[in-house]
Asker: 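Before anything else, here's the structure in question.
Hydrogens, waters and symmetry mates play no part in the numbers below; they use all other heavy atoms, side chains included. Numbered from 1 within each chain, the chains take letters A, B, ... in sequence-line order.
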Protein chains: 2
Amino acid sequence: MRERSIPEATVGRLPLYLRALVEMAEAGATTIRSETLAEAAGVNSAKVRKDLSHLGSYGTRGVGYDVAYLIHQVRRELGLTQHWPIVIAGVGNLGHALANYRGFAERGFRIAALVDVDPRKIGEVVGGTTVRHLDDLAAVVKQNDVAIGVICTPASAAQEVAERMVAAGIRSILNFAPAVIAVPEGVSVRKVDLAIELQILAYYEQRKAALADVKRRGKAVADLAEVSPP
Amino acid sequence: MRERSIPEATVGRLPLYLRALVEMAEAGATTIRSETLAEAAGVNSAKVRKDLSHLGSYGTRGVGYDVAYLIHQVRRELGLTQHWPIVIAGVGNLGHALANYRGFAERGFRIAALVDVDPRKIGEVVGGTTVRHLDDLAAVVKQNDVAIGVICTPASAAQEVAERMVAAGIRSILNFAPAVIAVPEGVSVRKVDLAIELQILAYYEQRKAALADVKRRGKAVADLAEVSPP
DNA sequence: CAGTGTGAACCTTTTCACAGCA
DNA sequence: TGCTGTGAAAAGGTTCACACTG
């Protein structure tokens, strides 16, 4: 293949493959089959092969993929050969957790700054970074060439923070606040909502309970089947 | 419609609609058009109508949807008319953040227990709940009829904790550990990986940078277009 | 001959566009 | 008239199955 613009679904899985590949490499593997990689990433092998074929033909028929080379290719495709300075806005519980999360640094994301508006938090050192005032955002972004912002504020502040980030030159935002934020064309937003994930689980859980109920009573089960999310 | 088993994609958006609807209700709205709800949820109106049609015909042509009634229907469909006791395993930074997150309680999720293996953490009170030993998991699950477990441990412990949860009778797991966990048939798992979200953003950010680069040099741009994630 | 790479079939999701109802 | 509800079309994603190759 080797085309511009990889399918969105594939992009979403590349980091998964990358993590699995790095683990394999650390375990000493030099070569890997699509089947093995699939298992480690929690998908099926056809998907792995199709996904990887979008990056190019990096496998060897009858053998598999060279682990180190594939890691390099996936990193390059994802843009992880460079380092990404990020800014976290909102140093509450979640902001704290993210600031201390070692997984970011391991993957090339450096926390350039933490910002908040609470005067009690400013000056505090969290995860090795001193908390600054939100007003310093523009300066920090310019100085460190920050392209990615993370919003960990309450929902009520999310839109304003997003606007400030965009004004400061940030073009990619990861939003943990339980709110929809509006941004101009050209700015990417991804959101993670912890409560939403639980609600989705609750739906399937409830259906499982209903199914068990029906089974117990010996009613027709056909139309309640397939209750688990794939 | 009103069929058993709503499409997965729709289930994923219902909590989004619910949040928007609750906000609308709090703001005093009694009726809402698909267009308005769509905007508040960050999707388009056709999607809203199709999604809601899976629950039944709860709208009024020419008018819209009754906010209070629709909230009730969405809640019922998601299984949020009942309360869900949950258990959080791993009281590190993220576990702390989740234990203190008010959004859970607001949506009917009650933290029945926090468990960890670190003796220094056991007995500590976090977000109003005392941390207990992982060994107490089965007892806690039985006693509180817990159906949902949340894993906030390091990746290395995730699989073991998942197995213990399943053994204790938990059938739905929300996994924050950066690891793929294997569970038996019938157990649902959803995962949230903070670092993966950033990597996906990095991909699109990198592509935007590449596009800007090409533009600056006046090269053909066509095959690099459509760089933003939808 | 084991395992990749990929057309083709299949399934899911999104979008369109408009009939039909309050 | 204004908006829902929904078939039909289009797009996107997954799975199958096998030709091909190191």
Asker: Would you call B:Y203 and A:P15 a side-chain contact if the rule is heavy atoms closer than 4.5 Å?
Answerer: no
Asker: Would you mind reading off the distance between A:E8 atom CD and C:dT14 atom C1', rounded to a whole angstrom?
Answerer: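 Taking CD of A:E8 and C1' of C:dT14, I get 12 Å after rounding.
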Asker: Given side chains that start at C-beta, do those of B:R164 and B:I170 come closer than 4.5 Å, heavy atoms only?
Answerer: no
Asker: Are B:I181 and B:V161 side-chain neighbours, meaning at least one heavy-atom pair lies under 4.5 Å?
Answerer: no
Asker: What is the separation between atom CG on B:L70 and atom P on D:dT4, rounded to the nearest whole Å?
Answerer: 11 Å
Asker: Please determine whether any donor N or O and acceptor N or O are separated by less than 3.5 Å between the side chain of A:K50 and the base of D:dT15.
Answerer: yes
Asker: Taking N and O atoms by type only, does the side chain of A:R33 place a donor or acceptor under 3.5 Å from a partner on the base of C:dG3?
Answerer: no
Asker: Under 4.0 Å, counting only non-hydrogen atoms across every strand here, what does A:S34 touch: a base, just sugar-phosphate, or nothing?
Answerer: sugar-phosphate
Asker: Between atom CG in A:N44 and atom C1' in C:dG3, what is the gap in whole Å?
Answerer: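 For the pair A:N44 CG and C:dG3 C1', the rounded distance is 15 Å.
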Asker: Check whether any side-chain N or O of A:Q206 sits under 3.5 Å from a backbone N or O of B:R76 as a donor-acceptor pair, and report yes or no.
Answerer: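 Checking the backbone N and O of B:R76 against the side chain of A:Q206, a donor-acceptor pair under 3.5 Å is found.
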Asker: Tell me the interatomic distance from A:R49, atom CZ, to C:dA8, atom P, rounded to whole angstroms.
Answerer: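 Result: 18 Å.
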Asker: A:A46 side chain: which of D:dG5, D:dC16, D:dG13 is closest?
Answerer: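 Nearest to the side-chain atoms of A:A46, counting from C-beta on, is D:dC16.
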Asker: Given atom OH of A:Y58 and atom P of C:dG5, what is their separation to the nearest angstrom?
Answerer: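 For the pair A:Y58 OH and C:dG5 P, the rounded distance is 11 Å.
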Asker: Under 3.5 Å, is there any donor-acceptor pair linking the side chain of B:R61 to the base of D:dG2?
Answerer: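 Answer is no: no donor-acceptor pair is held.
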Asker: So, OP1 or OP2 of D:dT4: does either fall under 4.0 Å of a side-chain N or O from B:T60?
Answerer: no
Asker: Heavy-atom nearest nucleotide on DNA chain D for A:V63 versus B:I32: which residue maps closer to 5'?
Answerer: B:I32
Asker: Without decimals, in angstroms, what is the distance between A:Y65 OH and D:dT21 C1'?
Answerer: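 Distance, rounded to whole Å: 14 Å.
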Asker: Output the rounded distance in Å from NZ (B:K47) to P (C:dC16).
Answerer: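 After rounding, the reported distance stands at 11 Å.
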Asker: D:dT4 P sits how many Å from B:E35 CD, rounded?
Answerer: 9 Å
Asker: Are the aromatic rings of A:Y69 and A:Y58 close, with centres under 6.0 Å apart?
Answerer: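 When the ring centroids of A:Y69 and A:Y58 are compared, they turn out to be within the sub-6.0 Å range.
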